[in-house]
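To start, the structure itself, in structure tokens.
Because only heavy atoms are used, hydrogens play no part in the values below, and waters and symmetry mates are left out as well, while side chains stay in. Throughout, a chain's letter reflects where its sequence line sits, starting with A, and its residues are numbered from 1. Remember, it's a predicted structure, so these values are computed and weren't measured experimentally.
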Amino acid sequence: MKKIKDFIKDIETLRTLVALSVSFLIVFILIIIISDSPTKALFDFIIGPFTSIRRFGNVIEGSLPLIFTGLSVILLQRTGHYNLAMEGAFFIGAVVATAAALIFKGPPLIILLVSMLSAMLIGAIITGIPAVLKVKTDANVLVTSLMLNHICLYVGMFIIITYFQDPKMNSNYSYMFPDGVNIPTIFGVTRINYGMIIALITVFIVWFLLNKTSFGYKLTIVGKNQNFAKYSGINVNRLIIESALIGGAIAGLGGAVDLFGMYNRFQYSGLTNYGWDGILIAIVARHKPHFVPFAALFLSYLRTGANILSRTSDIPSEMISIIQAIVIVLISAQAILSKYRQKLVVEKTLSGEVI
Amino acid sequence: GKENGNNNSNDGSKLSVVFVVTGQLGDRSFNDSAHEGIKAMAEKLGVETKVIEIGRDQTVWRPTFEDLAEEGEYDIIITNGSNAGELIEEIALEYPEQKFILFDTEMESEIVNLYAISYLQNEASYIAGVLAALVTKSDMEYANEDNKIGFVGGSEHPIITDFLVGYVEGAKSVDPNITVYVSYIGSWDDTAKGKETAMAQYNQGVDIIFPAAEQAGLGCVEAAVEMKKYIIGVDSDQAMLFKGVNEDSANVILTSVLKEVGNSLVRAVDLEQKGNLPWGTFETLGIKEDGVGIARNEYFDKNVPAEIKEEVINAYEQVANGEVKVTSALTDDSKIVEEIIRSVAP
Amino acid sequence: MLEFIKIILTPEFLFSVIRVMTPILFAALACMVFIKGGIDPIGIEGIMLLASMAGPVGGYYTNSVIGGILAAILISLLASLLFGYVTLKLKSIEILAGIALNTLASGLTIFIIYYVAGNKGSTQSLTSKVAPIIELKIIKNIPYIGKILSGHNILTYLGIILVFVLYYILYRTPLGLRIRSVGENSAAAESVGINVLKYKYITLIMAGTIAGLGGAYMSMGYVSFFSRGMIAGRGFIGMAAEAMGRGNPYGIFLSSALFGIADSLATQLQMLDFPSQLIQTIPYIITILGISIYSYRHKKVRKVI
Amino acid sequence: MMDDTLLEMKNISKIYDNGVFANDNISFIVKKGEIHALMGENGAGKSTLMKILFGIEDMNEGKIIFDGKDITNYTPQETIGIGVGMVHQHFMLVDSLKVYENVVLGMEPKKGIFTDRKKAKNLVNEISKKYNLNVDADEVIKNLSVGLKQKVELIKVLARDVKLLILDEPTAVLTPQETQELFDQLLLLKENGHTIIFISHKIKEVKQICDRVTVLRRGKLVGTIDIDKASEEDISRFMVGRDVILKVDKSIQNFKEIILSVKDLSVSNKSGIKLVDKVSFDVKRGQILGIAGVEGNGQNELVEAIFGLRDCSGTIEFNMKDISDKKIKDRREKGIAFIPEDRMATGLATKATVWENLVSNIIDSDIIKTNKLLNNNKIKEYSETLIENFNILCSSIDHEVNMLSGGNMQKIVVAREFSSNPDLLIANQPTRGIDVGANEFIWKKLVELRDQDKAIILVSADLNEILELSDSIIVMHNGEVVGSFVDSKKVDENELGMYMLGLKRD
Ligand SMILES: Nc1ncnc2c1ncn2[C@@H]1O[C@H](COP(=O)(O)OP(=O)(O)OP(=O)(O)O)[C@@H](O)[C@H]1O
Ligand SMILES: Nc1ncnc2c1ncn2[C@@H]1O[C@H](COP(=O)(O)OP(=O)(O)OP(=O)(O)O)[C@@H](O)[C@H]1O
Ligand SMILES: [Mg+2]
Ligand SMILES: [Mg+2]
């Protein structure tokens, strides 16, 4: 006999599918209204990302930074605080990785390692600041972390422009990284690189931490009821700081991986927004690390499709953000099928089909 | 699409170009200027055109260019090279069949399917500096005693610094003791902050500001109108944009530093149609080549006193015939550039 | 340095503080109402952006200032209610819907102004309608003070009045009591027969209206046109100000003023020869220090007694 | 329908979203003017049934008729409108609001557009005076003790003119005196024609004031009987299916060495007022020390300070070592366990799962780990053992705790704290909201622990519990120890009461 738990899982999957279809339907209607060749547009949007290896590569590449920030958000928000500093940590991680790559001399692999470690360190420091301030002074984490993001941006740009800008470039780009200081690609045609492996290892580590260690258990408890955590003998303050540090290190690492995987010099001109994306990813993945890659792939797929759409069709580029918004909101709409679900549960329970 | 996009004049079919905007249209600046050029091509040269906006997020740039080059649907891809230059070089090598025209950049390697145009904005802003220095000491209605002029940038950026250094040199050529206030808004979009920044300068006795801040610079114009001061526009002929819509704004914009991105693109495509575009080279357009300049529109005529006009035109000629060599932030030593800017700091 | 202190004491500087503060104050007050009613305010940025777009567009079509402001309020109400529908009815997660709303607004505003004004950057080509400047009769003539307090945009005064009005509504009326109870413990509110949904929607309407006014201020007061992305993070800063003011209207007023001071200070410092990026960090550093010191003292006081 | 029927619930069925069959075809009738008891084991479905009646939960099937009107699909708003009031098992209070604000919420007196605060406060004061419920109208809810919160809940319903009053375990957190006062008022209400549904696990209480009792078991109706015709034993048999005698057989006292020694312990509140004032006492192995006192006289603060949940001055020696600087974790590791007064705020993370709540005290130990890593199988095994031993009704250890019935939540706390086999167990209201069967079980467990030469500090509002279990008793009044009895047999209920009310002291 089927467990009610599994049965509810099935309904949940069904709900997601229905939500997805509904959102695509709405998008479809929008496209019909705007476009002269709606079928082609829709094809480009939905199938487009799969029409060439390179495009499919784009989907996978695009998911990389999202995986890191998604994981980062899971850790940062685990203890129930609204730490948004992953945005700044990601950016400053890339800045510091650039600095390290351009300052240190040695074998490329060592430089890479040193750069990534420095990125992790600075990332941890950045997200750690709001946590420490919270614990020591009770300052609101949302406020301090939002402010820190701006500070990261400006200080980061200052560092790049003042110390590392390549005067040969007509833009605020750094010098080129030394030869071999990059993350090599796995498949020639695409830019999918070994950063993917790092990302997946990180996913595993986070999953492991949260599900297999007392540390992860304690984080969950702190997030669900601080009083209870304290009463259980958990050192709440330490955990708030520790989870922030780890979350920031992951975001910083994400910055470094994005940098060395996709570019050969520092070229961000502003905050990347991957941190905010991380919130979406974390929510869609229901704060479970092992769902993060899928959520990231999905968002990346959506974006790749939308980019192809705006390139190949007469749909204005602004529609991309509108379409994204619709899909994201509907995916998380819990109410879809809730009546049906309730009805099914009742039926199954009454008929004794499930326990 | 066609299987490749290299030949066009041969088979007699229409030349097709695509303008890839690595940013957004509506900046009232180089992207809009280029866009004007694209429209002109379609009208005057009968070229088939398409515009694609891909925003500032660099991760989507490569896939877009690769897709376009691979499909080969357009003969020429036109884009801004100051940020995307390096990327385009790589892709141009990868897809030798596809032609690219880049503006706002100089290419060093000689890639045969690439053509680049760069602009000596420092020359035009030199003229603006001359004008500003003359205006601030003049007895024009909104000018005051103080010998102070202003510059507002969006953020620090090599191209912005290039504008700045020319402006400062021009002003110094009129009066070496002049003070130039320099502020950065920290954003290219935030018009309110732009206004705030300009007002802070005006409150210090500055009476004319040259903002190079894209959209955020529009806020500076408002500050000028409200506080009865002057502005020098940037990139496009901004006074004319306000003509008939908002005369107050049009009247405080004494002139604009023009970067003729559109015209230069039209010229390049025209040459290509005639089979004369020297692929694999780059050209630098300055005042002499009319690639940059200042706007001499009706408001300039109406609002700028004759003796100032005369001196401005004088300076124009000096730069055009090479008598005056303007320092560049893009090619000259950054120490020297800094030195010049610092020499007039308050 | 002395020079600089002189600048800060000029009435112009203090005047600018109030101007800079205004949109943040609106944003923070809207966030406050959202949070009191138990609704995540992260979509404030998008709501204000839509309103700032609708102001000039509405003003253009109706050829009146009131028309513009009403259009701004209307669209932010729509956005706010849409957010409500999606989260309350479809039960989407609030933060997600809020972020989506911000994304939507950034695209939709450009889409609309391109349609209306033919330009993707701004609505400058539309004749502008600006909310009037108000001279305060008596105060105007007081030396120094008059120059600081008089002559602001009518919306600025409205914002300041709203601080008090909201205080009284939230803390002194049944409506406020119900909103706060619904926001903090909806089950408790429901158990005494309060229609939770109804008050959620009232919250959305109130906060939406305030956010709409804030957006209108940006494009019909601060400057006279809409430009792409013109809210530029002020909604988020408003969220921060709300938290810093600990959800109390007066506290929020003070923290918005602190933001205004810090921001104006940085603008002044820009003119000195310091690295511009470092100066741009000043408002944010001041905020972090401010909230830390304030919270620390609060915490200590709480501990001692 | 008979004339004297006020409420009829017909064939009510309720299945929660997670598949729990909480009410299975339940029908019963409440007559006008009666006090009708609803009884049953923890998780029997009492609260669910009442929530359905009140309109807060939907039902899957059934019909509700009130005063001749079909109110099956009424919202709480409408239910309140027709004169039904309910005091919920778990507080329905807005923490940051003041007492009077909570009371008038939804029926605010107005002055113009403003709330008439004076009137609101007067209302609270009037009712608290009339029903002897002493609460400060201006105090903020989150500063109140559980007992006071319960009083606010009562004032809340009494302030509304109700025909039918539903009270879901109102006496669980009241002292005996308070309970008596409440009963006097309930009887008064009854005289005035009001009807009351009264949920309680205490058969004595039910016998005392109720007319009829309806019993549920495992979601099903067992039946309704007249109180007059049934003895306490009958009722308990009806409920649990067997005789329950709430009495414990204790072996004679056999105190060993001192395990806990508290000297001059003081605790102050926010405004510097001493809640616990220089309290000193010892607890020995093999001893159950009862702390008696009227709610709010410092018992709570005292035991929280001993466990480390509050700052305090003075010394606390455990096994001869000063532990007053030690963290809670250390105190737990040294062998102290604690059942807190407020299960919802402190004792549980209600949004966490059942297993997460069961293992919080052993998370660092090897019991649920292999190679230092959490082992799901071990966790499952461990949790299920506790669930079985303590007879906790829950369908899956992965369910959130807030899906359990109140009594079963309490059992989770108790099970967890017993599980570490502590040297000293501090039990603050351990049997609050627990059914007779489980109550008996927990008592037995406490005595067992004592007989293993462990020590127990028992705080309870239930004097009967204190007298029944304790070897020794201290009485607290106004933060001070006003009486202490090494042998609990030397004192009776009345005398204790005198001490508790501060009328007598050593
Ligand atoms: N011709 C110009 N006139 C005025 N401003 C210019 C000009 N060229 C560049 N700028 C300014 O320099 C900035 C950098 O331009 P660029 O084309 O290198 O890339 P960008 O993506 O717009 O830069 P960023 O992302 O740093 O804002 C532009 O945003 C613009 O404001
Ligand atoms: N929100 C809920 N979701 C799922 N199941 C629930 C929920 N609330 C209660 N239940 C389940 O319904 C059953 C009946 O619970 P109910 O609270 O009605 O019991 P009760 O008779 O009031 O018990 P107690 O005496 O312990 O308060 C229990 O098995 C409980 O686990
Ligand atoms: Mg002057
Ligand atoms: Mg119950």
Discussion item. Can you tell me which portion of A:Asn264 sits under 4.5 Å from chain B's heavy atoms? Options are side chain, backbone, both or neither.
Written reply: side chain
Item to complete: Examine distances only and state if a side-chain atom of B:Asn113 and a backbone atom of B:Phe100 form a donor-acceptor pair shorter than 3.5 Å.
Response: no
Item to complete: Select one option (side chain, backbone, both, neither) describing which atoms of B:Ser334 are under 4.5 Å from chain A's heavy atoms.
Response: neither
Worksheet item: Would you say the ring centroid of A:Tyr274 lies under 6.0 angstrom from that of A:Phe90?
Response: yes
Fill in: Interchain contact, A:Arg303 with chain B, by part (heavy-atom threshold 4.5 Å)
neither
Fill in: Main-chain N/O of B:Ser16 paired with B:Glu48 side-chain donor or acceptor, under 3.5 Å
no
Discussion item. A:Phe45 and side chain to side chain contact (heavy atoms under 4.5 Å, CB included): which single residue from A:Thr312, A:Ile323, A:Ile308 fits?
Written reply: A:Ile323
Discussion item. Between B:Gly55, B:Ser155, B:Ser118, B:Pro158, who has the most heavy-atom pairs with chain A when the cutoff is under 4.5 Å?
Written reply: B:Pro158
Worksheet item: What part of A:Ser313 gets closer than 4.5 Å to chain B, counting heavy atoms only: side chain, backbone, both or neither?
Response: backbone
Item to complete: Give, as side chain, backbone, both or neither, the part of A:Arg311 having an atom under 4.5 angstrom from any heavy atom of chain B.
Response: both
Discussion item. For A:Phe158, which atoms come within 4.5 Å of any heavy atom of chain B: side chain, backbone, both, or neither?
Written reply: neither
Worksheet item: Ring centres of A:Phe266 and A:Tyr268 under 6.0 Å apart?
Response: yes
Worksheet item: Which residue out of B:Gly85, B:Gly186, B:Gly81 racks up the most heavy-atom pairs below 4.5 Å with chain A?
Response: B:Gly186
Discussion item. For the residue pair B:Asp57 / B:Thr59, report whether a side-chain donor-acceptor contact shorter than 3.5 Å exists.
Written reply: yes
Item to complete: Under 4.5 Å heavy-atom distance to chain A, tell me which part of B:Glu90 shows up: side chain, backbone, both or neither.
Response: side chain
Worksheet item: So what's closer than 4.5 Å to chain B heavy atoms on A:Gln165: side chain, backbone, both or neither?
Response: side chain
Worksheet, complete the sentence: Of B:Thr64, B:Leu330, B:Asp162, the largest count of non-hydrogen pairs under 4.5 angstrom with chain A goes to B:Thr64
Practice prompt. Can you label the angle between the A:Phe56 ring and the A:Phe50 ring as parallel, tilted or perpendicular, going by 30° and 60°?
Written response: tilted
Discussion item. With a 4.5 angstrom heavy-atom cut-off, is it the side chain or the backbone of A:Met157 that approaches chain B, or both, or neither?
Written reply: neither
Worksheet entry | Donor-acceptor contact present, side-chain B:Asp332 to main-chain B:Ser328, <3.5 Å | yes
Worksheet entry | B:Glu66, part contacting chain A, at a heavy-atom distance under 4.5 Å | both
Worksheet item: Between the side chains of A:Tyr301 and A:Ser63, is a donor N or O closer than 3.5 angstrom to an acceptor N or O?
Response: no
